Protein chains: 2
Amino acid sequence: MKAPTIADVAHEAGVSVSTVSRHLRGDRVRAAEGIDRAVALLRYRPSPAAQSLKSGKTGAVALVVPDVTNPFFAAVVRGAESITAQGGHTIFLANTDESDAREAEVVEDLLTRVDGMLLAPASEDNPSPQRLADAGVPTVLIDREAPSTGRFDTVLIDNHGGARSAVEHLLSYGHERIATIAGTVNSTPGRFRLEGYRAALASHSIELPPDFVQIGGFKEHGGYQSMLRMLALPDPPTAVFVANNTMTIGALRAIKDIGVRIPDDLSVIGFDDHPFSEILDPPLTVIDRPMEQQGALAMRMLLSRMSNDSWRESRRVVLDVRLTERASCGPPRSTPMGARRKGARA
Amino acid sequence: MKAPTIADVAHEAGVSVSTVSRHLRGDRVRAAEGIDRAVALLRYRPSPAAQSLKSGKTGAVALVVPDVTNPFFAAVVRGAESITAQGGHTIFLANTDESDAREAEVVEDLLTRVDGMLLAPASEDNPSPQRLADAGVPTVLIDREAPSTGRFDTVLIDNHGGARSAVEHLLSYGHERIATIAGTVNSTPGRFRLEGYRAALASHSIELPPDFVQIGGFKEHGGYQSMLRMLALPDPPTAVFVANNTMTIGALRAIKDIGVRIPDDLSVIGFDDHPFSEILDPPLTVIDRPMEQQGALAMRMLLSRMSNDSWRESRRVVLDVRLTERASCGPPRSTPMGARRKGARA
DNA sequence: ACAATTTCTGAAATCGTTTTCAGGCAAGGT
DNA sequence: ACCTTGCCTGAAAACGATTTCAGAAATTGT
C-alpha cells in the first residue's frame, strides 16, 4: 500500500541508507547485487519530491502554449516531447487561451515546479518572459518574440519571408488586387506576416485600399467574418493571403457559403499546412513549415541552456518556410489578356 | 538570485517559521500583515518539492494519450486542462505513440510524480492500468477500457451505437454493399465500432465478403491503403464507414487519387468531426461526439476520486454520439439487383 | 485582581533523499 | 610487523516545508 522508502531497501539489503543511495547513483558498491534484489523485490522508486528538495532540480519542464487544439501547437508539443522522452524530463503542459492574464497565472504557478520553460507568449508585450528571467528559470520562446524585455533564446520561423513569398506567388499569376486576413498584430507571427504582405506589395509598387487588410485574430470565426467583409467589398480582391490555419478554415467556409469559386473567382493561399489541405477541392496552396521540428529544436535548446549554465549568448533561430503549391491559386479571372500565366494549372 | 525560503520570510517579518507557515495555510495569526509584506517583498513562493515531501501530495495530475496531434486527443487535453485550471492542479502530458512499451515507460515514470492519472491506454490488454492500481494511484481511463484488469472509472462514448447509426444511415439510402475501414481491433473504439458495423448489417440480414472490412490501424496511411484495396476490389462497395478521423483523411486522399466521386460513386461517412469536414467537397457526413467534454468529465471524475478517497464504486460513463449529416452520403448509383457476389477476389 | 480558559507562539521532529565526514578494513610498500 | 594508500562504509547534516507539543500571552469570568 504505502510506497517503500530508501530506508526499507537499506534494511532489506542489510546495508545503510547511504550505500543504497550511492549504488543507485552509480557508485561502486560491494552489496550492489543485494541492493538490486531488494529494489526489485520492494518495487522501490525514489521519491521525486525528496530528490528535488535535495538537488534543487525538479526533472520537469513546462510547455506553455496558447492552445493545444491548434494543430501547429499540437505538433510543437509532440516535437518537444519526442526530445524530452530520451533525456528523462517530464513535461508540464498548459494552455493560455491567448490570454495574457491566464498566461501570467500559469507561468507564476509553474515557475517553481520546473527546471526550464518553453513558452509561446500570448502577445509581444507580455511580462511573463521577464518574470521568468527574474526568477532565473531558463526559458526559450517558441514562435513568438518578447522584444520588450531582454533577449531570450527563441525559435522562430521566417514569417516575413513566408508571407512575402505567398504574395509573390499570387503576383506571379498576375494578381494585383491581393488582400490579406491577418492575425493579431501584437503577436510576432501576426505582425511579421502582415509586414511581409505589405513588403511584397510595396516592392511591386502596388497600393491597395485599407479594407484589403482584415484582422481575423487567428481564430476561425475571425477568418469567416473577415472573408465575408472582403467579399462584400464593392471592388473585391482577386486573391487572398490568409495568415494562419484556423482562419483559413473560416475563410473557406465563408467562400463556400457565398458560392465564390476557387481559384477562378478568387485565389487563396494559407499559412501552415494540414493533412486536410490536400483533399480540399481544390487542394490548398500553403506556406508550410517544419512544425514538430520547431518544437524539437526549442526543447533541445532549452535542455542545452539548462545544463550549460554557462552564460551563453542567447540564440535566435529562424527556421525556413516553404511554399507548397497545390491548386487554390490561379490567374485572376478578368485578366486583361490571359497574358501573365506562369505556373499554369488546370 | 536564489529563491527565498520560508525562513527568510520569517526572519524578515520577525516571527518564527511556524507562524509564517500557519498564516500561509490560513490560520489566524497576529503578525499576518507583516508576513504578507515580507512575502510580497521577497516574492516568496513555497517550494512544491518540500510541500510534496511533507504532505505526500504532488499537486499534479498526469494525462497520458497516444498522440496529441490527433484532434480528438488535443480536445481531450484542452477539456481536461480547463477543469484543472480552476482547482490548482498542474498537468503532466505524455504521448505514447500508440505503443504499449512506451506507455509502460511513461506510466512508470509518472507514477511517483502525480496524485492521479488520466489514461487512454494504447491497447486493451495493456498492463498499465493494473500497475497504477497496484501503486494506488487514482486513475480514470479515457475512451478505452481495460477489461483484462479490474474495474476503473472510465469515460467512453457509444462507439457501438455510433457505428451502428452510421451504417443505418447508409442503409437508409439503399446501400447494401457497405464496407468499413476499421481501427486497431484490440482497442476499445476499434473493436466496438467494428462490432456496431457488423450488428447493423446483421440486423438487416446482409452478408458481405471479408474484404469489406479493412484494417487501417487508426493511421492516415492505413486509411489510404485500405481505401485503395477497397476500390481495387472486383466488385467494390458503394459506401464506406471509416472508423476515425485520421484514417478518413487517408481514405479521402485515396478516393481523390483514383478519381472516384462522392457521393455518386461512393458514399462516405466518418467518425469524429473536424472543422475541415464542413468545407470539403462534398462536406463530410460524420458521427460526432463531445470531445472536450469527454476530457473535462474525465478530469472531474478523477478529481472527485482523488478527494473522496472513500471507496466509491467505480463508474463507467458512456457519452452519446450524434450523426451530423452533410453531403457525402447519397443513394447508390447503380443498384444492380442480385449483385450480391460473395468472396470475389482477384 | 486572580484563576480559568482560550488563543497564539516557537522549538523541534518529520517527510525521503543526497552528501559530507570521519573512519574501518584490506592491500601494498618497506 | 608497521605505516601508508586506497576503497567502502555508516552516521549525521542538510534541503524547505508542515505539524505536534508544550508553554506564553491574551482573554474571560467572578
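Below, read A as the first sequence line, B as the second, and so on, with proteins coming before strands; counting in each chain starts at 1. Quick note: numbers below take in every heavy atom, side chains included, and nothing from hydrogens, waters or symmetry partners. Bear in mind that the values here come from a model prediction, so they are computed numbers and not experimental data.
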Can you tell me how far apart OG1 (B:Thr96) and CD (B:Glu98) are? Round to the nearest 0.5 Å.
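So the OG1 of B:Thr96 and the CD of B:Glu98 are separated by 6.0 Å.
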| task | Taking atom CD of A:Glu108 as the centre, report whether more than 12 heavy atoms of other residues, nucleotides or ligands fall under 6.0 Å from it. | result | yes
Flag the pair B:Val107 / B:Met117 as yes when at least one side-chain heavy-atom distance between them is below 4.5 Å, and no otherwise. yes
- Query: Can you tell if the side chain of A:Pro66 reaches within under 4.5 Å of the side chain of A:Arg144, non-hydrogen atoms only?
  - Reply: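 A:Pro66 reaches A:Arg144 side chain to side chain.
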Next on the checklist: So that I can tick it off, tell me whether B:Asp97 and B:Arg102 are bridged by a salt bridge, with the cut-off set at under 4.0 angstrom between side-chain N and carboxylate O.
Outcome noted: no
If we check side chain to side chain contact (heavy atoms under 4.5 Å, CB included) with B:Asp143, which of these qualifies: B:Leu156, B:Thr188, B:Ile157?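 Single side chain to side chain contact (heavy atoms under 4.5 Å, CB included) partner of B:Asp143 among B:Leu156, B:Thr188, B:Ile157: B:Ile157.
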Letter by letter from the 5' end, nucleotides 12-17 of chain C scores (B base, S sugar-phosphate only, - none; protein heavy atoms under 4.0 Å) --BBBB
* Stepwise side-chain contact (heavy atoms from CB on, under 4.5 Å) test for B:Leu63 and B:Val61 -> CA-CA 7 Å; B:Leu63 178 40; B:Val61 161; 5.7 Å; no
Check your understanding: Distance under 6.0 Å and angle within 45° of the ring axis: does B:Arg289 meet both against B:Phe72?
Key ->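 Verdict for B:Phe72: a cation-pi partner in B:Arg289.
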Problem - Stretch residues 23-43 of chain B: residues that reach within less than 4.0 Å of DNA chain D through a heavy atom - result: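 Going residue by residue through residues 23-43 of chain B, the ones with a heavy atom under 4.0 Å of DNA chain D turn out to be B:Arg25.
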Between B:Ser21 and B:Val17, is there a donor-acceptor pair closer than 3.5 Å when you use the side chain of the first and the backbone of the second?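 Pair absent, no side-chain N/O of B:Ser21 close to backbone of B:Val17.
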Without swapping roles, check the side chain of B:Arg22 against the backbone of B:Asp27 for a donor-acceptor pair under 3.5 Å.
->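 No.
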Axis-to-axis angle across the helix from C:dA1-D:dT30 to C:dT30-D:dA1, five pairs each end, nearest 10 degrees, ~ 40°
From NZ of A:Lys57 across to P of D:dG16 the rounded distance in Å is 13 Å
